[in-house]
Novice: 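Attaching a single structure in structure tokens format; questions to follow.
Just so it is clear, the values below take in all heavy atoms, side chains as well, and ignore hydrogens, waters and symmetry mates.
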Amino acid sequence: MQEKISSFVSYVSALAYAGFGALTLQDWVSVIGLIFVIVTYFTNRYYKKKIVEIIKANPEKAVKVYAKRDL
């Protein structure tokens, strides 16, 4: 049993090192940047949807709140 686990860990670590070594530092920065762009898009979309739901539920209150803002 111990041999199966060590073999599995060996293969997984080799695959991970090969994957990390396949990309340069600049490639990794690009991938991470793309991930952040996607996460930011969906976060903004989620909160914008919540704001629209609140405004639809209380349109009178929303008008009062936005009327007080300095634009």
Novice: Can you tell me how far apart CH2 (W28) and OG (S30) are? Round to the nearest 0.5 Å.
Specialist: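 One gets 11.5 Å once the value is rounded to the nearest 0.5 Å.
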
Novice: Out of curiosity, I54 CD1 to N58 CG, how far, rounded to the nearest 0.5 Å?
Specialist: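 Between I54 CD1 and N58 CG, I get 8.5 Å after rounding to 0.5 Å.
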
Novice: Main chain of S6, side chain of S10: is a donor-acceptor contact present, judged purely on distance under 3.5 Å?
Specialist: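 Flag not set: sc S10 to bb S6 has no pair under 3.5 Å.
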
Novice: Starting from V12, can I reach L15 by hopping between I/L/V/M/F/W/Y residues whose side chains sit under 4.5 Å apart?
Specialist: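 L15 and V12: separate clusters.
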
Novice: State which residues pass side-chain contact (heavy atoms from CB on, under 4.5 Å) with D27; sequence neighbours excluded, sorted by chain then number.
Specialist: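 Partners of D27 under the side-chain contact (heavy atoms from CB on, under 4.5 Å) test: L23, T24.
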
Novice: Look at atom CD of Q26 and say whether more than 12 heavy atoms of other residues, nucleotides or ligands are closer to it than 6.0 Å.
Specialist: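 At most 12 heavy atoms, drawn from other residues, nucleotides or ligands, come within 6.0 Å of this atom.
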
Novice: Among V37, T43, N44, which one satisfies side-chain contact (heavy atoms from CB on, under 4.5 Å) with T40?
Specialist: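 For T40, the side-chain contact (heavy atoms from CB on, under 4.5 Å) test succeeds with only one of V37, T43, N44, which is N44.
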
Novice: Ignoring hydrogens and angles, tell me if any N or O in the side chain of S7 forms a donor-acceptor pair with the backbone of E3 under 3.5 Å.
Specialist: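 Absent.
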
Novice: Same cluster or not: V31 versus V39, using hydrophobic residues (I, L, V, M, F, W, Y) connected whenever any side-chain heavy atoms lie under 4.5 Å apart?
Specialist: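 Cluster IDs for V31 and V39 match.
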
